[in-house]
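Here is the structure we will look at, set down as structure tokens.
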There are 2 protein chains.
Amino acid sequence: MIFDDIDKKLLHLLQQDSKQTNKELSLKLNLSVTAVYERIKKLEREGVINKYVALIKKEKIDKSFIAFCHIKLIQHTQEYVVKFEKDVANLEEVVECFHISGDYDYLLKVIVSDMEAFREFMVNKLTSINHIGSTHSMFVINEVKHTTAIRV
Amino acid sequence: MIFDDIDKKLLHLLQQDSKQTNKELSLKLNLSVTAVYERIKKLEREGVINKYVALIKKEKIDKSFIAFCHIKLIQHTQEYVVKFEKDVANLEEVVECFHISGDYDYLLKVIVSDMEAFREFMVNKLTSINHIGSTHSMFVINEVKHTTAIRV
DNA sequence: GGTGAAATTGACAAGAC
DNA sequence: GTCTTGTCAATTTCACC
């Protein structure tokens with residue numbers, strides 16, 4: 001799919017605030033309400049817009065502790081890898097998991113309430129997954145930037 | 001603020017799909033439409049729900065290349081740190097930036113179209129920010145998990 | 001805390017330019 | 001591909017339990 005400037009601006013606006021009415025969007029884009037409506041439906045149909053979600057302020061639900069965990073597997077057989085990825089994806093504390101290049105195999109982003117909860121997560125959940133060789137954790141001191149919006 | 005089971009379930013549902021109507025939510029929660037409405041408004045007022053956004057499928061806009069960059073600063077004076085954080089936050093390719101513990105000072109998540117775009121980003125944007133000592137980049141081979149939803 | 005009905009406003013479909 | 005009109009369904013308010 002090819003995007004014109006209006007599509008790009010529309011995607012930008014919807015990534016900032018998806019609760020804007022089509023009328024508000026039409027004013028910002030100098031378009032009619034129907035035109036906005038049609039463009040959005042097209043973007044949804046094509047799968048460009050994946051879904052609409054509510055974003056929660058972590059601090060308000062006592063989930064202010066962020067850690068990144070590097071993980072190295074013992075072995076890299078197909079079976080081990082598939083099992084590990086499935087198990088990790090099922091852990092609710094893990095919000096992101098990437099297979100990466102470099103010294104370690106995986107990088108996980110973990111969100112919990114505090115260091116004690118993180119310790120429990122490591123001992124009871126993460127390291128109870130088999131095939132994990134070594135881990136290395138880094139703790140977030142300060143979240144400088146975090147956005148879900150990607151420039152089109 | 002204290003959450004009962006209905007609040008938790010409501011937050012869970014809205015983090016999955018914020019475009020559900022209050023009627024749909026009322027059926028899932030065994031509540032009246034107005035009760036759902038009031039609970040959502042309260043969560044918005046209290047700042048628990050931060051905002052509503054559209055999520056875009058990276059692949060559809062040719063932004064499939066993810067990299068993590070470790071960065072160490074030359075110096076750590078107040079002035080240098082503030083300037084660096086401000087400059088990095090303004091880079092559109094940087095979607096996340098954390099001040100972290102460990103060998104490096106910062107961890108950046110960068111999203112671009114391909115390795116060539118990443119190279120350009122490093123040469124023209126990131127390393128043109130002053131005070132950067134050393135960097136170490138890891139490339140994402142596969143995105144195993146990525147969610148914006150946090151368990152309440 | 002919750003409901004149900006009325007008023008307002010936006011979403012959506014059909015047809016014309 | 002965009003605009004206008006008209007209908008329907010949603011959100012929002014209010015009186016009440």
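All chains are named by letter (A, B, ...) in the order of the sequence lines, taking the proteins before the strands, and each is independently numbered beginning at 1.
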| request: Would you mind reading off the distance between A:K19 atom NZ and C:dT9 atom C1', rounded to a whole angstrom? | output: 15 Å
| Which one, C:dT3, D:dT2, D:dT12, comes nearest to the side chain of B:V33? | D:dT12
| field | Interatomic distance where CG belongs to B:L25 and P belongs to D:dA10 [whole Å] | value | 12 Å
| said: What is the separation between atom OH on A:Y52 and atom P on D:dA10, rounded to the nearest whole Å? | reply: 17 Å
| query | Using a cut-off of less than 4.0 Å, is there contact between a side-chain N or O of B:K23 and OP1 or OP2 of D:dA10? | reply | no
| request: Under the salt bridge (charged side-chain N to carboxylate O under 4.0 Å, His left out) rule, what do B:R39 and B:D7 come out as? Steps first, then yes or no, please. | output: CA-CA 7 Å; B:R39 278 173 182 269; B:D7 285 324; 2.9 Å; yes
| field | Atom pair distance, as rounded to whole Å: NZ in A:K41 and P in C:dA13 | value | 8 Å
| request: Verify the contact: side-chain N or O of B:R39 to OP1 or OP2 of C:dG1, cut-off strictly under 4.0 Å; return yes or no. | output: no
| Nearest to the side chain of B:T21 - C:dG2, D:dT11, D:dC3? | D:dT11
| Which whole-number value in Å describes the distance from A:K42 NZ to C:dC12 P? | 18 Å
| task | Can you tell me the distance, in whole Å, between the CD atom of A:Q20 and the P atom of D:dA10? | result | 22 Å
| message | Tell me whether the rings of A:H131 and A:Y80 are parallel (<30°), tilted (30 to 60°) or perpendicular (>60°). | response | parallel
| When you check the phosphate oxygens OP1 and OP2 of D:dT13, does a side-chain N or O of B:Y37 lie under 4.0 Å from one of them? | yes
| request: In sequence, state the C-alpha distance, the side-chain angles, and the governing distance for A:K9 and A:D5, and then conclude on salt bridge (charged side-chain N to carboxylate O under 4.0 Å, His left out). | output: CA-CA 6 Å; A:K9 196 165 177 197; A:D5 287 348; over 6 Å; no
| request: If the plane angle is over 60° it's perpendicular, under 30° parallel, otherwise tilted; pick one for B:Y106 and B:F84. | output: tilted
| task | For B:T34, answer base if it contacts any base atom (sugar-phosphate contacts may also be present), sugar-phosphate if it contacts only those atoms, and nothing otherwise; contact means non-hydrogen atoms under 4.0 Å. | result | base
| Has A:N22 got a side-chain N or O lying under 4.0 Å from the OP1 or OP2 atom of C:dG10? | no
